[in-house]
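Every chain is numbered from 1, with letters handed out A, B, ... down the list of sequences.
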There are 2 protein chains.
Amino acid sequence: MSERRATITDVAREAGVSASTASVVFSGNAPASAETRRRVLAAAEALGYTGPDPRAASLRRGRSGIVGVVFGGSLRSAFHDPVTIAMMDGIAEGVSPLRAGLLLLPDETSSAAPAAGTDSGAIEVPSAVTAAPIDAAVLVGFGQTRQPSLDVLRARRVPVVIIEGDAGPEIPRIELDNSAAQQRAASYLRDLGHERVTLLTLPIRPSRARGWFGPRDAVEVDVTAARLAGAQAVYPDAPTYAAVTSSIDEGLIAGREILAGPDRPTAVIAQTDLLAAGVIRAAEECGLRVPEDLSVTGFDGVEVDGLDAYELTTLVQPAVEKGRAAGAAVVSMLAGEDAASVTFTCSFRIGTTAGPVPRG
Amino acid sequence: MSERRATITDVAREAGVSASTASVVFSGNAPASAETRRRVLAAAEALGYTGPDPRAASLRRGRSGIVGVVFGGSLRSAFHDPVTIAMMDGIAEGVSPLRAGLLLLPDETSSAAPAAGTDSGAIEVPSAVTAAPIDAAVLVGFGQTRQPSLDVLRARRVPVVIIEGDAGPEIPRIELDNSAAQQRAASYLRDLGHERVTLLTLPIRPSRARGWFGPRDAVEVDVTAARLAGAQAVYPDAPTYAAVTSSIDEGLIAGREILAGPDRPTAVIAQTDLLAAGVIRAAEECGLRVPEDLSVTGFDGVEVDGLDAYELTTLVQPAVEKGRAAGAAVVSMLAGEDAASVTFTCSFRIGTTAGPVPRG
DNA sequence: TTGTAAGCGTTATCAT
DNA sequence: ATGATAACGCTTACAA
């Protein structure tokens, strides 16, 4: 019984109607008499036909019912970032009117390693972004650096919306007031009297290793640059240290180095909550109390592992709303309307991890 | 310039070759002379052709390059469960040889509410699972209860692998030694002298509310039943309390009730780490020390929020490996081989949350 | 190495 | 309300 699968034509024949009529019964795109419907459905049942082949339908309709979510970083790290997960929630919610699925797509790799043994003219294996049957895409975790994925999508004329990034004037952006928000935290620290402040940033370039950097190092990652600018508006000369990822462990490593120097800061402005949590751990390791000996601020407003004893002083970003807005933008674009860019505002949450500058 | 998009035929014509030759240049499925390749690529460039339309290609090839991941619960909750996220990591890794994308699919809703105002013969809107162009599917978070999604996929003859669930003899299963593992934790507690032990379980039925249950209540959820059986092998008469989800908050609520009774247990066996963490919080609330006054064990071996002071005594499950195995199974099935079921083993990690029974 | 031909399974359009 | 027809854009035997 491993015969050829039944097609809509088979069903139509069995039901004694035309293929187009059967199609209409399944799609509901035109009226059909109750009797016809019954017969078609019965025939389908009898033949084990489960409905139109999605591949054929999407070719014909020109729509696949799939929205791609392209991650600038690795999928792995995306899953581990609570902010990204919250955004995904929002995206799923935002596109739900489309009844579309979300397709997780890794970023286009800049250059696929050519298969060994193939001659130099070898065909490039098409990447997921190139070959995925998506109706639209949401870009997440991209900097302003020209990313290959973006070029591919533009060439394919796939409607795109980008979250926290710049994909050119045509592409709707979902933004955060990163700079202004970060500035508020910095001002708060200054008001508390802090002068020796160190800034712990997200990566400044996709490729760069962790470490201190200076004004001559170009900051290519949008989010990093914006938050950095906000902090530097208040502390223009603060030492800056770049992490390579946003995690507690990374914050711990960075924190150890930041706190080890001879001229230890009285406050650390971390660009994410996870990094901040790591810095707090590092402080604990050196026997420093937070906030008595060291103030630490974060960014994101997510729940953080093992920070029970503290409530982080941080900027709370509306991560779910960001996703929802991106989803909504996709929906409008697919409806032929054009979608506006949106900028969301972070709220400053005063917790227990920042206090007055220690005396003396 | 919003003309019709160029097709491979246009490119072929422009390059002065046949469509099939152009196709071959893009797919690499047959040799083409360097000169031909050059001409075709140049023509494509000139026409702004970005490669074969994925919808058309997948119709013709009968493959979409997409693997569905179907979540038994809501997508939202799936994103918030650390075990699920770890598994997703593994799945992505496991299917990577396919260069396929992962499509997130919500479970088929048992019965879509018919649109108001439509006559009773209204067409059901096809669900995501029915209409998604997937080559295979991984089922996550399903019980043994017959789930509609599974029926749909079977009818569609989509190759399926199920993680922690039973989808019938034909479907490869990725399993955990839930029962044996849980029994180890229970034995450990018994060796420590515990006699008054309460079991805090995952939901026993998809629909059920939280609360105490007894031997007469059917446990319909596989994982719950297996872990329960393991604990009951050691403590057959232990009181049993079902949570409605796996979260710290839920564990806290359950924990309060469990610890409130007149005959307070000396140990709680929780079916997940998050629930265990909640119980520990509840214990702290009543001024009970863990493990001096109350022993608590978990299950999963994930990092838990706010459990900094403790290291949970728990069963560590290889969540990533589970996903990887599921991905690998999909790869074999798609290659025409059949995939074997796999059972993974949990390791018992002795932490600081279980100790000797307190002296009377 | 390249071209010819025949679909893949569906749905939109238009006529009846 | 139903049917005939013509695409949708591509790939793969097979032949040359």
Side-chain angles (χ1 to χ4, degrees), chain A residues 3-40 43-44 47-65 119 121 123 126 130-133 135 156-157, chain B residues 3-40 43-44 47-65 119 121 123 126 130-133 135 156-157:
Chain A
E3 316 150 18
R4 192 173 113 294
R5 299 251 1 222
T7 72
I8 204 171
T9 314
D10 302 325
V11 172
R13 188 183 318 113
E14 173 92 5
V17 300
S18 73
S20 45
T21 299
S23 172
V24 153
V25 167
F26 287 106
S27 73
N29 283 349
S33 75
E35 169 59 10
T36 300
R37 183 147 49 210
R38 201 194 52 67
R39 293 234 305 285
V40 170
L47 297 178
Y49 179 78
T50 50
D53 179 319
R55 286 175 286 257
S58 72
L59 170 58
R60 181 60 239 230
R61 294 214 239 240
R63 284 278 172 90
S64 64
D119 61 20
I123 303 310
T130 334
D135 295 337
R156 284 183 61 186
R157 303 205 210 152
Chain B
E3 316 149 19
R4 192 174 114 295
R5 300 254 353 226
T7 72
I8 205 172
T9 313
D10 301 327
V11 172
R13 187 184 317 114
E14 173 91 5
V17 301
S18 75
S20 54
T21 300
S23 172
V24 153
V25 167
F26 286 105
S27 72
N29 283 349
S33 76
E35 170 59 11
T36 301
R37 183 148 50 211
R38 200 194 53 67
R39 292 235 306 282
V40 170
L47 297 178
Y49 179 79
T50 51
D53 179 320
R55 286 176 287 255
S58 72
L59 170 58
R60 182 59 237 229
R61 292 213 239 241
R63 285 278 173 89
S64 63
D119 61 21
I123 302 310
T130 335
D135 295 337
R156 284 184 60 186
R157 303 205 209 154

Which pairs, protein N/O on one side and nucleotides 1-4 of chain C N/O on the other, fall under 3.5 Å?
{"residue": "C/dT2", "atom": "OP1", "partner": "B/Ser33", "partner atom": "OG", "Å": "2.9"}
{"residue": "C/dT2", "atom": "OP1", "partner": "B/Thr36", "partner atom": "OG1", "Å": "2.3"}
{"residue": "C/dT2", "atom": "OP2", "partner": "B/Ser33", "partner atom": "N", "Å": "2.9"}
{"residue": "C/dT2", "atom": "OP2", "partner": "B/Thr36", "partner atom": "OG1", "Å": "3.3"}
{"residue": "C/dG3", "atom": "OP2", "partner": "B/Ser18", "partner atom": "N", "Å": "2.9"}
{"residue": "C/dG3", "atom": "OP2", "partner": "B/Ser18", "partner atom": "OG", "Å": "3.4"}
{"residue": "C/dG3", "atom": "OP2", "partner": "B/Thr21", "partner atom": "OG1", "Å": "2.7"}
{"residue": "C/dG3", "atom": "N7", "partner": "B/Ser20", "partner atom": "OG", "Å": "3.4"}
{"residue": "C/dT4", "atom": "O4", "partner": "B/Ser20", "partner atom": "OG", "Å": "3.0"}

Provide, to the nearest angstrom, the distance between the [atom1] atom belonging to [X] and the [atom2] atom belonging to [N].
{"X": "A/Arg39", "N": "D/dG3", "atom1": "CZ", "atom2": "P", "result": "9 Å"}
{"X": "A/Asp10", "N": "C/dC8", "atom1": "CG", "atom2": "P", "result": "10 Å"}
{"X": "A/Asn29", "N": "D/dT2", "atom1": "CG", "atom2": "P", "result": "15 Å"}
{"X": "A/Arg13", "N": "C/dG9", "atom1": "CZ", "atom2": "P", "result": "13 Å"}

Checklist entry - Below 4.5 Å, heavy atoms only, C-beta onward: do B/Thr130 and A/Thr50 meet side chain to side chain? => result no

Item to check | B/Thr7 side chain near B/Asp10 side chain, heavy-atom distance below 4.5 Å | outcome: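 The answer is yes, as the side chains (C-beta and beyond) meet within the 4.5 Å cut-off.
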
Check nucleotides 6-10 of chain D for protein N or O atoms closer than 3.5 Å to its own N or O atoms and list the pairs.
{"residue": "D/dA7", "atom": "N3", "partner": "A/Arg60", "partner atom": "NH1", "Å": "3.2"}
{"residue": "D/dC10", "atom": "OP1", "partner": "B/Tyr49", "partner atom": "OH", "Å": "2.5"}
{"residue": "D/dC10", "atom": "OP1", "partner": "B/Asp53", "partner atom": "N", "Å": "3.1"}
{"residue": "D/dC10", "atom": "OP2", "partner": "B/Ile8", "partner atom": "N", "Å": "2.4"}

Next on the checklist: I'd like to check the side chain to side chain contact (heavy atoms under 4.5 Å, CB included) partners of B/Pro133; sequence neighbours left out, ordered by chain and number.
Outcome noted: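 Side chain to side chain contact (heavy atoms under 4.5 Å, CB included) check on B/Pro133 returns A/Pro54, A/Arg55, A/Ile66, B/Ser64.
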
Next on the checklist: Tell me every residue that passes side chain to side chain contact (heavy atoms under 4.5 Å, CB included) with B/Ala57, counting only those two or more places apart in sequence or in another chain.
Outcome noted: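 Not a single residue meets the side chain to side chain contact (heavy atoms under 4.5 Å, CB included) criterion with B/Ala57.
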
Checklist outcome for this item: For A/Arg38, the side chain to side chain donor-acceptor pair (under 3.5 Å) test, sequence neighbours excluded, returns A/Glu35

Checklist outcome for this item: By side chain to side chain donor-acceptor pair (under 3.5 Å), B/Thr9 pairs with (sequence neighbours left out) none

Checklist entry - Would you say B/Arg5's side chain and A/Arg156's backbone share a donor-acceptor pair under 3.5 angstrom? => result yes

Item to check | Polar side-chain atom of B/Arg39 near backbone of B/Ala15 as donor-acceptor pair, under 3.5 Å | outcome: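 Yes: the side chain of B/Arg39 pairs with the backbone of B/Ala15.
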
